[in-house]
Protein chains: 4
Amino acid sequence: MIIQIQFESETPIYKQLRDQIVQGIAQGDLKPEESLPSVRRMGQELGINLHTVNKAYAVLKQQGFTVIHKRKGVLINSLEKMREHLDTDNLENELRPIFSEMICKGLTQKEISGFCEKLIQKIQGGQNE
Amino acid sequence: MIIQIQFESETPIYKQLRDQIVQGIAQGDLKPEESLPSVRRMGQELGINLHTVNKAYAVLKQQGFTVIHKRKGVLINSLEKMREHLDTDNLENELRPIFSEMICKGLTQKEISGFCEKLIQKIQGGQNE
Amino acid sequence: MIIQIQFESETPIYKQLRDQIVQGIAQGDLKPEESLPSVRRMGQELGINLHTVNKAYAVLKQQGFTVIHKRKGVLINSLEKMREHLDTDNLENELRPIFSEMICKGLTQKEISGFCEKLIQKIQGGQNE
Amino acid sequence: MIIQIQFESETPIYKQLRDQIVQGIAQGDLKPEESLPSVRRMGQELGINLHTVNKAYAVLKQQGFTVIHKRKGVLINSLEKMREHLDTDNLENELRPIFSEMICKGLTQKEISGFCEKLIQKIQGGQNE
DNA sequence: GTGGTCTAGACCACC
DNA sequence: GTGGTCTAGACCACA
């Protein structure tokens with residue numbers, strides 16, 4: 001699985017890393033029980049500071065995507081465990097301003113739904129293997 | 001139209017303000033040609049600095065939601081003008097990590113679609129009057 | 001000669017008014033010895049404050065485009081008088097940032113020259129009568 | 001590259017700074033990928049507040065002249081990216097009143113063209129190194 | 001150390 | 001009274 005950091009993006013690097021790992025899980029590139037590279041290696045490979053990797057990993061853990069295993073390092077969590085961390089209120093708060101913007105810009109409910117469905121399929125279809 | 005700032009929130013105040021105004025437009029609470037309170041009054045009402053309001057207004061203007069009218073102050077833009085600022089690439093980039101998270105947490109495409117549609121209706125249905 | 005004020009423009013109203021009168025002279029719509037409407041009438045016709053018209057007129061006078069005639073009001077100056085107010089240093093300072101921007105954005109000297117010539121002809125060709 | 005702020009000038013400081021940086025790019029003093037001093041250093045060197053520098057930098061970014069690189073700070077953008085921000089309508093609106101003034105003051109099309117060409121060469125010829 | 005955010009207080013141009 | 005500009009000083013997120 002390839003991770004690409006855009007240093008010129010507005011979104012902080014740790015967030016980019018976190019997002020791409022989450023997307024990797026959604027796509028099935030990263031499966032439960034699989035392990036993530038150590039903060040050191042990951043930092044080296046991406047050319048970023050290991051503190052930044054650390055922060056991304058901390059967020060992932062805190063949001064239930066990973067667990068720390070003493071010997072194996074950072075592991076992708078089981079799907080059940082992830083499910084337990086579902087927080088619809090938070091998701092709603094994140095989606096609301098985006099949908100509001102789409103409505104303002106003249107998209108109808110149908111168009112938005114279509115847009116979303118296509119995007120979801122693009123994510124799920126991005127599965128390797 | 002009521003605006004609520006959460007001072008403990010992680011999201012910057014100017015962003016909260018911007019988001020709620022955009023939502024207000026989406027809901028129809030704020031209609032094209034209507035005017036926003038002056039930076040000073042808005043700041044006073046919300047208990048925040050006028051510069052912070054200024055920044056929110058600047059973002060709204062730059063994103064095409066408002067225009068500065070020399071005599072009438074800050075006005076909600078026409079729907080056509082807003083439409084010209086539609087940037088689907090950007091919206092896709094904002095939605096992707098959220099949908100990825102939803103997929104990880106076990107929601108099916110159908111559930112996500114349903115979730116989104118309900119949310120959109122909630123926004124549009126929040127119209128006063 | 002028709003003057004159009006854009007209340008939503010960034011440029012101040014008095015500057016818009018001044019610019020359009022200067023352009024009117026350049027186009028030949030306004031000829032030496034002709035008189036401008038009184039500040040009152042001009043303000044009324046354009047729907048702007050008479051102080052704003054006053055400011056535009058003051059600038060025009062100060063830059064040599066007009067003279068105040070006791071009985072006839074504000075008159076367009078003679079071409080010779082205008083010529084005396086030619087200030088190439090100032091013009092250069094106004095043009096420099098614009099040309100710099102054009103160069104940055106990849107326009108060649110030839111393209112810029114062509115662009116300018118076309119614009120000048122457009123101004124001179126806009127003559128009525 | 002030397003930047004000179006005129007504190008008595010009518011044009012805002014942040015605009016002066018922005019203009020001179022754009023001119024620096026046009027002259028080739030500042031090349032793509034090169035970095036600008038931090039807002040703090042630049043402010044200190046020019047004897048102005050860092051927020052003022054910030055505003056200049058924000059404008060430059062918004063107009064496509066620079067990008068914020070997470071590790072390297074503020075960088076001059078690539079020429080291609082700048083080109084994408086070319087807005088001829090706007091440039092025309094900025095040039096029109098200046099050319100109108102030149103015409104009024106008796107300059108012929110040929111003289112104006114010559115004036116512009118000399119100025120452009122002066123800008124491009126101002127290259128150091 | 002960097003840019004981003006927030007506050008505060010002041011002056012000015014414009015209307 | 002409006003927004004725009006400038007200064008000053010503080011805190012924080014990010015790297």
Side-chain angles (χ1 to χ4, degrees), chain A residues 5 7 9-17 43 46-56 59, chain B residues 5 7 9-17 35-43 46-59 61 66-75, chain C residues 5 7 9-17 43 46-56 59, chain D residues 5 7 9-18 35-44 46-59 61 66-75:
Chain A
I5 300 297
F7 291 97
S9 166
E10 310 250 303
T11 56
I13 295 178
Y14 86 91
K15 179 77 157 64
Q16 291 185 46
L17 180 51
L46 301 178
I48 62 178
N49 194 302
L50 96 180
H51 291 93
T52 309
V53 180
N54 230 328
K55 172 137 190 183
V59 172
Chain B
I5 301 297
F7 293 95
S9 167
E10 306 225 316
T11 58
I13 296 177
Y14 83 91
K15 179 74 159 62
Q16 292 183 45
L17 179 52
S35 72
L36 259 36
S38 78
V39 289
R40 279 176 179 81
R41 270 200 51 201
M42 180 66 94
L46 301 178
I48 62 179
N49 193 285
L50 90 171
H51 292 104
T52 309
V53 181
N54 217 333
K55 172 133 192 188
Y57 280 17
V59 172
K61 178 188 162 196
T66 60
V67 276
I68 309 293
H69 188 287
K70 284 284 154 58
R71 292 220 309 273
K72 302 177 192 164
V74 179
L75 299 187
Chain C
I5 300 297
F7 291 97
S9 165
E10 310 250 300
T11 56
I13 294 177
Y14 85 91
K15 178 76 158 62
Q16 291 184 47
L17 179 51
L46 301 179
I48 62 179
N49 194 301
L50 95 179
H51 292 92
T52 309
V53 181
N54 230 329
K55 171 138 190 184
V59 172
Chain D
I5 300 297
F7 292 96
S9 167
E10 306 225 316
T11 57
I13 296 178
Y14 83 92
K15 179 75 159 61
Q16 292 184 44
L17 179 52
R18 177 262 181 209
S35 72
L36 258 37
S38 78
V39 287
R40 280 176 179 81
R41 268 199 55 199
M42 180 66 94
Q44 208 166 4
L46 301 178
I48 62 177
N49 192 284
L50 90 173
H51 292 105
T52 309
V53 180
N54 216 335
K55 172 132 193 187
Y57 280 17
V59 172
K61 177 187 163 195
T66 60
V67 277
I68 309 293
H69 187 288
K70 283 283 152 60
R71 293 221 311 274
K72 302 176 191 164
V74 179
L75 299 187

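Chain letters run A, B, ... following the sequence lines, proteins first, then strands; residues in each count from 1. Not measured: the values here are computed from a predicted model.
- Nearest-nucleotide mapping onto DNA chain E: of C:Thr52 and B:Thr52, the residue sitting toward the 5' end is B:Thr52.
- In summary, of the residues considered (C:Ile48, C:Asn49, C:Val53), a side-chain contact (heavy atoms from CB on, under 4.5 Å) with C:Ile13 occurs for C:Ile48 alone.
- Summarising the geometry, atom CG belonging to D:Leu50 is positioned 8.5 Å from atom OG belonging to D:Ser38; distances are rounded to the nearest 0.5 Å.
- Between D:Asn54 and the phosphate of E:dG3, there is no side-chain N or O to OP1/OP2 separation shorter than 4.0 Å.
- Distance B:Glu10 CD to E:dT5 P: 14 Å, rounded to the nearest Å.
- We find that NZ of D:Lys72 is positioned 17 Å from C1' of E:dG3, with the value rounded to whole Å.
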- Message: Can you give me the dot-bracket string for DNA chain F, 5' to 3', counting Watson-Crick and G-U wobble pairs with both distances under 3.5 Å, using [ ] for crossing pairs and | for partners on another strand?
- Response: ||||||||||||||.
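- A distance of 16.0 Å separates NE2 in A:His51 from OH in A:Tyr14, rounded to the nearest 0.5 Å.
- Taken from CG in B:Leu17 to OG1 in B:Thr11, the straight-line distance is 11.0 Å, to the nearest 0.5 Å.
- Residue D:Arg18 contributes atom CZ, which lies 17 Å from atom C1' of F:dT5 at whole-angstrom precision.
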Dump the pairs, protein N or O against N or O of nucleotides 10-13 of chain F, anything under 3.5 Å, distances to one decimal.
none

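- Atom-to-atom, NZ of B:Lys61 to P of F:dT2 comes out at 18 Å; the value is rounded to the nearest Å.
- We find that CG of B:Leu17 is positioned 16 Å from C1' of E:dT7, with the value rounded to whole Å.
- Atom NZ in D:Lys15 sits roughly 17 Å away from atom C1' in F:dC6 (whole-Å rounding).
- Within a 6.0 Å sphere centred on CZ of D:Arg71, heavy atoms belonging to other residues, nucleotides or ligands number more than 12.
- Residue order along DNA chain F, read from the 5' end via each residue's closest nucleotide, puts B:Pro37 first among B:Pro37 and D:Gly47.
- Straight-line distance from the CE atom of D:Met42 to the C1' atom of E:dG1: 17 Å, rounded to whole Å.
- When the C1' atom of F:dG9 is taken as reference, atom CG of D:Asn49 falls 9 Å away, rounded to whole Å.
- Each of D:Phe7 and A:Ile13 was assigned the nucleotide of DNA chain F with the nearest heavy atom; the assignment lying further toward the 5' end belongs to D:Phe7.
- Just one of D:Leu36, D:Thr66, D:Thr52 meets the side-chain contact (heavy atoms from CB on, under 4.5 Å) condition when paired with D:Tyr57; it is D:Leu36.
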- Evaluate salt bridge (charged side-chain N to carboxylate O under 4.0 Å, His left out) for D:Lys70 paired with A:Glu10, printing each intermediate quantity in order. CA-CA 9 Å; D:Lys70 283 283 152 60; A:Glu10 310 250 303; over 6 Å; no
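- To the nearest 0.5 angstrom, C:Lys15 atom NZ is 10.0 Å from C:Ser9 atom OG.
- B:Leu46 contributes atom CG, which lies 10.5 Å from atom CZ of B:Arg41 (distance to the nearest 0.5 angstrom).
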